[in-house]
Amino acid sequence: MKPPKGALAGVFVALVFAAALVGACGVLLESALRAHAPVDRYEAAAAVVTGEQSVSVRQKRAGSEPETQIRPLTERARVPVAAAERLRAVPGVRAVIADVSFPVLTRAGVTVTGQGWDVTALGQYRLASGRAPQAPGEVVLDTATASRLRTAAGGVVDLQLNGAPQPFRVTGLATAGGPPGAFFEPRAAAALSGHPEQADALAVIARGRVEAAALREAAPGLVVRTGAGRGDAEDLAVGAARPDMVEISASFGALAVMTALVVVGGLIALSVRERAREFALLRAVGATPWQVRGRIMRETLRVAVPAGLLGGLLSLALGAAMHRAMVAKDVLPDGFGLSLSLLPVPAALLVAVLAALVSAFFASLRATRIRPVEALGEAATEPASLPRWRVITGVVFLVLGANALGVATMTSGSTAGASLGGLVITLIVATAFLSPLLARHGGRLFGGVLRAASPVAGRLADLNIGAAALRLGSVITPVALAVAFAGVQLFAQSTSVRATEVQAAEGTRADQVVVPAGPGLPSGVLDAVRGTPGVRAATAVKRTTVVMSVRELAERNLRSLSALGVSPEGIARTMDPGVTKGDLAGLRGPGTVALSESVTEGVRPGQEQRLWLGDGTELRLRVVAIYKRGLGFGDVLLPRATVAAHTSSDLDDHVLVRGDADLRPAVARYAGAGVITKDAFGARQSEELRMQGFLSLVVVLAIVGFIVIGLVTTLALAAASRRRELALLRLVGATRRQVLRMLRLEAAVMLGIGLVTGTLIAGIALLAFATAVTGLPLPAVPPLTFAAILLLVAGPGAAAMLLPARPMLRRAPAVN
């Protein structure tokens with residue numbers, strides 16, 4: 001006896017998409033693990049010496065040995081220029097260039113990179129006309145920038161660095177093999193960068209073979225980068241994005257595996273259950289349980305291997321498409337390249353085969369445990385009750401979910417957020433085990449409604465739901481999974497965005513905001529604004545990222561936290577982060593810090609807090625205040641002077657202004673500076689936040705799409721397996737219209753129970769997330785998006801349940 005072709009086709013399709021999804025996450029993970037920024041500026045350098053661009057700390061974990069945790073730095077860790085002399089003494093080194101770069105803005109709003117002229121020794125730029133700069137007031141421009149500014153060698157241009165625009169004599173033009181640049185005399189460039197004794201990197205040019213070990217010995221405490229690693233010295237964004245991308249890819253990969261187990265497991269269990277008569281006959285004629293199990297496992301394996309291979313190959317294209325979408329939306333930096341190899345293919349194949357075999361084994365247990373004399377009787381009807389082990393397991397997962405819910409509601413911040421993932425998973429698993437009970441009791445609940453809606457078809461639907469709870473329970477699980485997963489992932493993001501908007505709006509007391517059109521605002525903008533009549537207070541704000549050890553669920557984890565450097569004078573008039581303990585007035589001097597409640601478990605004002613600034617500088621700061629609006633104002637507030645010396649650029653991100661004074665004359669002398677309202681500034685920040693959620697959206701759409709495909713396949717298989725049942729109903733007198741109406745009522749009840757169950761799971765998780773993590777009383781759920789999710793799940797599900805029945809009912813009824 002061969003298994004039905006429809007069942008094999010359904011399992012094959014589900015496994016193909018499962019393998020493709022898991023492999024696509026593998027493509028993203030491999031790209032993150034191998035990601036290096038492209039080598040451009042340092043192509044001619046044999047090695048590049050930089051500071052350590054990460055923080056590494058050993059921390060004790062509960063129940064295990066201490067582990068080393070590493071977080072990347074978002075700001076450039078500079079190197080002392082004095083180290084260049086030691087590197088020049090290494091055999092084989094021809095020259096060492098102290099590379100510095102800083103943003104330069106022209107009067108026309110063109111942003112270029114300021115560098116020392118000695119960087120042209122790397123070969124990217126060549127002098128086309130004129131001469132090299134030799135004095136502080138001289139500059140060489142690339143030909144494209146000079147053309148946009150309509151200047152030539154001998155002309156004068158106004159360039160803005162960290163102050164008002166000042167004139168520079170153009171001594172020459174350079175052909176550009178790289179980004180637009182402005183080149184200054186090397187010592188002048190070091191002074192203009194704001195860090196005359198430090199360089200961004202030391203580029204080593206070799207005359208022959210240079211040993212990396214010798215370079216490391218000559219520059220102790222610094223990092224020597226060779227090969228593809230040189231690109232990371234050029235573009236910090238790739239290195240900063242790598243750990244988060246690894247974490248996200250691994251997390252979504254684990255979710256994809258869990259989803260595959262649930263969807264594929266339900267489909268295989270249904271296909272085995274529909275062949276119960278066949279297996280009962282085998283047992284009745286003397287087949288042992290292991291012979292039947294072996295048959296089921298071999299049949300599943302013959303389908304799983306080609307499906308896994310095909311899905312693995314398709315995963316390469318799917319992963320590349322997801323990567324391309326993320327780069328296009330600026331979720332990943334441009335230099336974050338795609339790494340394609342065949343490694344995801346065997347990984348996807350292995351997951352598909354293991355998921356299929358595990359599912360087939362558990363699905364075969366009941367079919368092979370009954371005694372041969374009882375086999376045919378057991379196959380004829382479903383058992384009236386669930387196995388005790390299944391009920392107990394489902395209840396255990398419900399208890400675990402209740403425990404996770406309690407942790408989420410009793411705690412706050414990152415601890416509560418960490419418990420929500422476990423809450424959703426445990427409730428979904430509990431639903432998978434207890435879904436037949438939901439089907440049976442749901443059918444009883446709606447039995448009266450069904451009979452009232454249609455006396456004949458409603459009664460038939462009611463009886464079918466009660467008698468086929470196992471089959472119909474397999475419908476509830478993927479429906480609930482799709483709704484719960486999509487709802488939690490999408491609406492947690494919208495809730496977080498909404499909470500950030502609310503906190504920023506409630507806490508921003510400024511009436512106007514000065515914003516840049518280029519890389520940032522010079523420090524003189526703050527003084528010019530403060531000197532304007534009618535301005536009651538002004539606060540310069542500079543964004544950065546700090547690294548800090550945060551307590552989460554009784555463990556300490558190294559985290560990268562958003563931080564703001566603020567000028568403390570008049571801060572109480574321009575922003576209100578919602579201080580709950582301490583006083584923000586104490587945020588003065590280099591030794592102070594204010595923290596949000598989400599990262600201060602066990603911390604009180606007056607205590608010292610250890611953290612690392614954006615360039616890796618370790619500080620121990622006194623906590624002066626704890627505030628509640630961490631989403632709107634970042635998790636860490638620092639004096640601007642503390643931050644400015646440890647960032648890649650000294651420019652401010654914006655200036656908050658209290659007062660209705662006309663600021664246009666004050667900022668007119670600064671290129672790119674403009675004034676917008678508080679509401680316009682909030683809208684700009686909201687757009688940035690929404691773009692950050694694009695990564696989750698891409699993966700969520702892929703996983704939900706797979707769940708829906710698995711749901712449709714499962715329902716189509718279940719509908720096709722009811723040919724005998726539908727024919728019998730026709731033979732005993734039911735009309736075609738009554739049978740179709742019965743199927744529609746069944747679909748409405750089963751899909752409705754699944755949608756309600758998934759909505760309840762998502763609602764519980766989102767409500768806990770909103771109250772404990774974001775501080776909102778309710779989650780932010782866009783009605784149209786929620787309706788689209790329900791329609792996306794229910795529409796294909798209903799079609800899969802009803803469409804296969806129509807051709808079956810057109811034929812003359814006959815029971816085989």
Side-chain angles (χ1 to χ4, degrees), residues 37 39-54 73 75-104 113-127 132-136 138-140 161 174 178 181-236 239 615-617 645-650:
V39 182
D40 189 11
R41 292 172 57 201
Y42 297 137
E43 180 65 35
V48 181
V49 180
T50 68
E52 181 60 66
Q53 283 296 147
S54 63
L73 298 174
E75 308 288 355
R76 191 170 295 280
R78 294 184 175 87
V79 298
V81 175
E85 290 300 324
R86 300 193 299 270
L87 292 170
R88 292 188 183 99
V90 174
V93 173
R94 179 167 61 88
V96 177
I97 299 172
D99 184 26
V100 297
S101 60
F102 45 90
V104 176
T113 301
Q115 302 172 82
W117 176 251
D118 53 351
V119 77
T120 57
L122 294 173
Q124 256 198 323
Y125 302 90
R126 298 183 183 279
L127 192 64
Q134 299 173 355
E138 297 178 345
V139 67
V140 169
L161 293 94
F183 305 94
F184 304 87
E185 191 273 329
R187 285 172 297 182
L192 293 172
S193 71
H195 307 275
E197 302 300 325
Q198 295 177 314
D200 296 340
L202 301 175
V204 178
I205 301 177
R207 66 166 61 94
R209 181 178 176 83
V210 178
E211 296 292 338
L215 295 175
R216 294 188 183 94
E217 185 177 350
L222 300 179
V223 178
V224 177
R225 303 179 186 272
T226 58
R230 294 171 297 169
D232 293 341
E234 294 185 31
D235 186 359
L236 300 183
D615 65 347
T617 301
H646 302 278
T647 54
S648 301
S649 168
D650 294 339

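Quick caveat, the model's predicted, so the values are computed rather than measured.
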Which heavy atom in E217 sits nearest to a heavy atom in P220, and how many Å separate them?
O-CD, 3.6 Å
Any non-hydrogen side-chain atom of V223 less than 4.5 Å from a side-chain atom of V49?
no
Does the side chain of V139 come within less than 4.5 Å of P133's, by heavy atoms?
no
A218 and V90: which non-hydrogen atoms are nearest, and at how many Å?
CB-CG2, 3.7 Å
Q124 CD to Y42 OH distance, which is reported to the nearest 0.5 Å:
10.0 Å
Looking at every heavy atom in both A201 and T50, which two are closest together, and how far apart are they?
CB-CG2, 3.9 Å
Side chains of L122 and I205, heavy atoms from C-beta outward: is any pair under 4.5 Å?
yes
Do you see a donor-acceptor pair shorter than 3.5 Å between the side chains of T113 and Q115?
no
Using a 6.0 Å cut-off, check whether atom CD of E197 has over 12 heavy atoms from anything other than its own residue.
no
Spacing of CZ belonging to F184 relative to CD belonging to E138, to within rounding of 0.5 Å:
11.5 Å
Taking the side chain as C-beta and beyond, is there a heavy-atom pair between R41 and R230 under 4.5 Å?
no
Give the intermediate values and the outcome of side chain to side chain contact (heavy atoms under 4.5 Å, CB included) for residues L87 and V93.
CA-CA 7 Å; L87 292 170; V93 173; 5.6 Å; no
Between L127 and V140, is there a side-chain heavy-atom distance shorter than 4.5 Å?
yes
Please list, chain by chain and in numerical order, all residues satisfying side chain to side chain contact (heavy atoms under 4.5 Å, CB included) with A206, sequence neighbours excluded.
A46, V210
Considering all heavy atoms of both residues, which atom of S648 and which atom of L236 are nearest to each other, and what is their separation?
OG-CD1, 4.4 Å
Is there a donor-acceptor pair closer than 3.5 Å between any side-chain N or O of E234 and the backbone N or O of D40?
yes
Would a 4.5 Å heavy-atom cut-off, applied to side chains only, mark D232 and R225 as touching?
yes
Please round to the nearest 0.5 Å and tell me the distance separating atom CZ of R209 and atom CD of E211.
4.5 Å
To the nearest 0.5 Å, what is the distance between CG (L192) and CZ (F102)?
5.0 Å
Side-chain contact test, heavy atoms from C-beta onward, threshold under 4.5 Å: evaluate it for V48 versus V204 and give yes or no.
no
Closest approach of V81 and P196, non-hydrogen atoms and distance?
CG2-O, 4.3 Å
If you apply the rule side chain to side chain contact (heavy atoms under 4.5 Å, CB included), what do you find for Y125 with W117, and how did you get there?
CA-CA 9 Å; Y125 302 90; W117 176 251; 5.7 Å; no
How long is the straight-line distance from CG of D650 back to NE2 of H195, given to the nearest 0.5 Å?
4.5 Å
Can you name the closest pair of heavy atoms from A84 and V96 and give their distance?
CB-CG1, 3.8 Å
Side-chain ion pair, D200 and R78, N-O less than 4.0 Å:
yes
So do the side chains of Q53 and R76 get within less than 4.5 Å of each other, counting heavy atoms only?
yes
To the closest 0.5 Å, what do you measure between CG (L202) and CZ (R86)?
9.5 Å
Sequence-distant partners of R187, salt bridge (Lys or Arg N to Asp or Glu O under 4.0 Å), two or more places apart:
E185
